[in-house]
*Asks:* 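The structure is given below, and queries will be raised subsequently.
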Amino acid sequence: MNPPFGIPPELFTILLALGLLAGFVGLNGLVLVYLERKVAGHIQRRPGPFEVGPHGILQPLADALKLVGKQLITPRGADKWLFWTAPIISFAPVFVLFLPIPFGPVLTAMEMDLGLLLILAFAGINVLALCLAGWSSENKWSLLGAARAVAQSVAYEIPLLLAVLAIAFQFGSLNLSTIVSGQGAWPWQWNIMVQPVAFFIYFVCALAETNRAPFDLPEAESELTAGFHTEYSGMGFGIFFLAEYANMIVVCAVATALFLGGWNGPAAPGVWWFLVKVYLLLLVMMWFRWTYPRVRFDQLLNLSWKWLLPLALINLLVTLVLVKI
Amino acid sequence: MSLSWLHMSIIIFFISGALFAAAPFIASMLLATRAKSPALYSPYECGMDPYGSAWTKFGINYYFYALLFLAFDVDVLFLFPVATAYADGAGLVPFVKLFIFIVILLASVIFFWKKGVFTWPKRIRF
């Protein structure tokens with residue numbers, strides 16, 4: 001493809017990838033809102049949204065328009081600057097997270113050797129946003145939610161890193177494309193067969209890192225109203241939501257690339273296999289939400305520090321032995 | 001060090017992420033209604049007038065967890081460069097070195113567990 005107007009080809013690729021990603025993230029937000037409400041509805045034996053469009057398919061669009069039309073309210077005592085930068089900081093790293101993810105054999109925004117590390121590093125920025133949002137609102141619920149958010153992400157980061165490291169040691173690479181090409185087409189050639197424990201740890205940690213039920217304590221509505229985003233209405237809330245859904249896609253995409261063979265599939269490997277696997281994982285996440293009750297906060301922290309962390313370390317040790325044999 | 005396309009792409013993507021998030025706010029500012037009322041701007045506290053400020057002292061139970069995290073995060077970060085070179089190392093020496101490193105990490109978890117850091121309510125003995 002020859003870029004027009006004499007733009008350097010590298011820049012053209014970057015801009016093209018950026019445009020596609022922006023479309024994907026926006027569309028994905030709409031799809032996931034619809035999917036989440038439909039899944040919730042059907043699990044509880046009700047149809048979910050049904051009025052706007054056929055089977056309520058236009059509901060997320062109507063929601064988005066409603067959010068844009070709402071007044072931006074800064075609470076009286078809030079720190080104005082921090083209050084409005086927090087949602088922006090929470091969304092800012094999202095595109096970078098998609099940068100090294102191999103969607104298909106050639107469909108990667110940027111091949112890089114440290115892709116995995118880049119994702120893990122930029123994923124940490126979200127915590128800062130939650131912390132700022134909770135603190136700057138000057139609301140007690142928000143502050144408690146923020147304290148929980150920080151403690152939780154901090155606790156689950158370590159087992160997550162260790163689970164990912166097991167794969168990195170096995171392949172001797174942090175490049176996601178290399179890891180994907182190292183796996184075969186059939187499910188028994190995927191890493192989940194070699195590293196089931198790592199996948200289990202990764203998935204539990206991913207749920208906790210994205211604040212999904214049963215670990216949605218930072219925004220536990222029955223105890224903290226809405227946690228860190230209590231004071232956000234309209235678009236402030238909307239952007240936090242969009243960032244959360246984008247982060248869910250990222251953790252599922254990384255899980256797919258690391259453990260489920262990425263774009264490899266029995267027939268015609270390509271981006272469709274990748275998307276099918278990612279959305280299946282997302283459905284599992286939604287299914288979890290309506291299956292398990294929310295854990296208590298000390299249970300949450302201790303599950304990570306007492307069980308997942310030692311388990312991840314032992315798993316890493318076993319991997320080290322297996323790589324050397 | 002000059003900027004490569006890799007750096008450029010990260011910078012461009014980060015800035016456009018921020019712009020992507022800022023755009024709906026601008027749309028909201030233009031489109032949204034503008035109501036004014038003192039009650040509209042009061043912080044939410046279940047319908048009452050807020051009692052005191054939220055910016056006060058409160059017991060952070062999570063302090064020790066944060067300290068633990070700092071220690072572990074730095075340690076685990078050391079493992080990332082090792083991961084790329086481990087398989088190339090000859091003989092059992094790399095394994096033995098990593099074994100010592102990881103067993104010490106594991107021992108520290110057990111140490112904190114015995115100290116009662118993970119017990120709620122907090123009863124830490126020193």
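The figures that follow rest on heavy atoms only: side chains count, while hydrogens, waters and symmetry mates do not.
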*Asks:* Look only at the side chain of Tyr86(B) and the backbone of Leu320(A), and say whether a donor-acceptor pair between them is shorter than 3.5 Å.
*Replies:*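 A pair under 3.5 Å: yes.
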*Asks:* So which part of Gln71(A) gets closer than 4.5 Å to some heavy atom of chain B, the side chain, the backbone, both or neither?
*Replies:*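 Contact with chain B involves both backbone and side-chain atoms of Gln71(A).
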*Asks:* Shorter than 4.5 Å, heavy atoms on both sides: which option in Glu231(A), Gln170(A), Arg76(A) has the most such pairs with chain B?
*Replies:*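 Sorted descending by pairs with chain B, the first entry is Arg76(A).
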*Asks:* As an exercise, state the distance from CG of Leu106(B) to CG of Leu309(A), rounded to the nearest 0.5 Å.
*Replies:*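 Leu106(B) CG to Leu309(A) CG: 8.0 Å, rounded to 0.5 Å.
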*Asks:* With a 4.5 angstrom heavy-atom cut-off, could you sort out which part of Ile125(A) is near chain B: side chain, backbone, both or neither?
*Replies:*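 For Ile125(A), the contact with chain B is made by the side chain alone.
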*Asks:* Side chain, backbone, both or neither: which part of Leu118(A) has a heavy atom under 4.5 Å from chain B?
*Replies:*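 Side chain only.
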*Asks:* What's the verdict on side chain to side chain contact (heavy atoms under 4.5 Å, CB included) for Leu161(A) and Asp73(B), showing C-alpha distance, side-chain angles and the deciding distance?
*Replies:* CA-CA 9 Å; Leu161(A) 292 178; Asp73(B) 204 34; 3.3 Å; yes
*Asks:* If you look only at pairs with a residue in residues 140-150 of chain A, which of them pass as a side chain to side chain donor-acceptor pair (under 3.5 Å), with sequence neighbours excluded?
*Replies:*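 For residues 140-150 of chain A, and leaving out neighbouring residues, the side chain to side chain donor-acceptor pair (under 3.5 Å) pairs sorted by first residue read Lys140(A)-Glu45(B), Trp141(A)-Thr225(A), Arg148(A)-Glu223(A).
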*Asks:* State the CZ-CD1 distance between Arg34(B) and Ile73(A), to the nearest 0.5 angstrom.
*Replies:*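 Arg34(B) atom CZ to Ile73(A) atom CD1 measures 12.5 Å (nearest 0.5 Å).
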*Asks:* Just give me the residue among Thr74(A), Leu317(A), Val150(A), Val323(A) that pairs up with chain B most often, heavy atom to heavy atom, under 4.5 Å.
*Replies:*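 Heavy-atom pairs under 4.5 Å are most numerous for Leu317(A).
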*Asks:* Heavy-atom cut-off 4.5 Å, strictly under: side chain, backbone, both or neither for Ile110(B) against chain A?
*Replies:*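 No part of it gets close to chain A.
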*Asks:* What side-chain donor-acceptor pairs closer than 3.5 Å can you find for residues 15-29 of chain B, not counting sequence neighbours?
*Replies:*
{"residue": "Ser16(B)", "atom": "OG", "partner": "Ile12(B)", "partner atom": "O", "Å": "2.4"}
{"residue": "Ser28(B)", "atom": "OG", "partner": "Val68(A)", "partner atom": "O", "Å": "2.7"}
{"residue": "Ser28(B)", "atom": "OG", "partner": "Lys70(A)", "partner atom": "O", "Å": "3.2"}

*Asks:* Apply side chain to side chain contact (heavy atoms under 4.5 Å, CB included) to Phe13(B) and Ile14(A), showing your working.
*Replies:* CA-CA 9 Å; Phe13(B) 272 51; Ile14(A) 292 172; 3.6 Å; yes
*Asks:* Could you tell me whether Leu92(B) atom CG has more than 12 heavy atoms of other residues or ligands within 6.0 Å of it?
*Replies:*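 Open: at most 12 neighbouring heavy atoms sit under 6.0 Å from CG of Leu92(B).
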*Asks:* So which of Leu31(B), Val82(B), Leu30(B) has the largest heavy-atom pair count under 4.5 angstrom toward chain A?
*Replies:*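 That would be Val82(B).
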*Asks:* To the nearest 0.5 Å, how far apart are CH2 in Trp113(B) and NZ in Lys306(A)?
*Replies:*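 Rounded to the nearest 0.5 Å, the CH2-NZ separation comes out at 5.5 Å.
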*Asks:* Of the backbone (N, CA, C, O) and the side chain (C-beta and beyond), which part of Leu114(A) lies under 4.5 Å from a heavy atom of chain B, both, or neither?
*Replies:*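 Interface part for Leu114(A): neither.
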*Asks:* Select one option (side chain, backbone, both, neither) describing which atoms of Phe122(A) are under 4.5 Å from chain B's heavy atoms.
*Replies:*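 Only the side chain of Phe122(A) comes within 4.5 Å of chain B.
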*Asks:* Looking at Phe171(A), Trp135(A), Trp84(A), which makes the most heavy-atom pairs under 4.5 Å with chain B?
*Replies:*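 Maximum pair count with chain B is reached by Trp135(A).
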*Asks:* So for atom CZ, which belongs to Phe99(B), do other residues, nucleotides or ligands contribute more than 12 heavy atoms lying within a distance under 6.0 Å?
*Replies:*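 No.
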*Asks:* Out of Phe80(B), Phe72(B), Phe95(B), return the one with the most heavy atom pairs under 4.5 angstrom to chain A.
*Replies:*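 If we count pairs closer than 4.5 Å to chain A, Phe80(B) comes out on top.
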*Asks:* How many angstroms lie between atom CG of Asp113(A) and atom OG1 of Thr84(B), to the nearest 0.5 angstrom?
*Replies:*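 Spacing of CG (Asp113(A)) from OG1 (Thr84(B)) equals 9.5 Å.
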*Asks:* For Val76(B), which atoms come within 4.5 Å of any heavy atom of chain A: side chain, backbone, both, or neither?
*Replies:*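 Val76(B) touches chain A through backbone and side-chain heavy atoms alike.
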*Asks:* Looking at Ile89(A), Leu143(A), Val164(A), Leu18(A), which makes the most heavy-atom pairs under 4.5 Å with chain B?
*Replies:*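 Heavy-atom pair counts peak at Leu18(A).
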*Asks:* Counting only heavy atoms closer than 4.5 Å, note whether Thr319(A) contacts chain B via side chain, backbone, both or neither.
*Replies:*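 For Thr319(A), neither part sits under 4.5 Å from chain B.
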*Asks:* In terms of heavy-atom proximity below 4.5 Å to chain B, should Ile239(A) be classed as side chain, backbone, both, or neither?
*Replies:*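 For Ile239(A), the side chain is the part near chain B, not the backbone.
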*Asks:* Rounded at 0.5 Å granularity, tell me how far OG in Ser108(B) sits from CG in Leu313(A).
*Replies:*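 So the OG of Ser108(B) and the CG of Leu313(A) are separated by 8.0 Å.
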*Asks:* Flag the pair Phe95(A) / Ile10(B) as yes when at least one side-chain heavy-atom distance between them is below 4.5 Å, and no otherwise.
*Replies:*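 Not in contact.
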*Asks:* Which of the residues Val25(A), Leu162(A), Leu99(A), Leu116(A) is involved in the greatest number of heavy-atom pairs with chain B at under 4.5 angstrom?
*Replies:*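 Most heavy-atom pairs under 4.5 Å with chain B: Leu99(A).
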*Asks:* Do Trp305(A) and Phe112(B) touch side chain to side chain, with heavy atoms closer than 4.5 Å?
*Replies:*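 Answer no - side chains too far apart.
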*Asks:* Which bit of Leu117(A) is near chain B, if near means a heavy-atom gap under 4.5 Å: side chain, backbone, both or neither?
*Replies:*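 Answer is side chain: those atoms of Leu117(A) sit under 4.5 Å from chain B.
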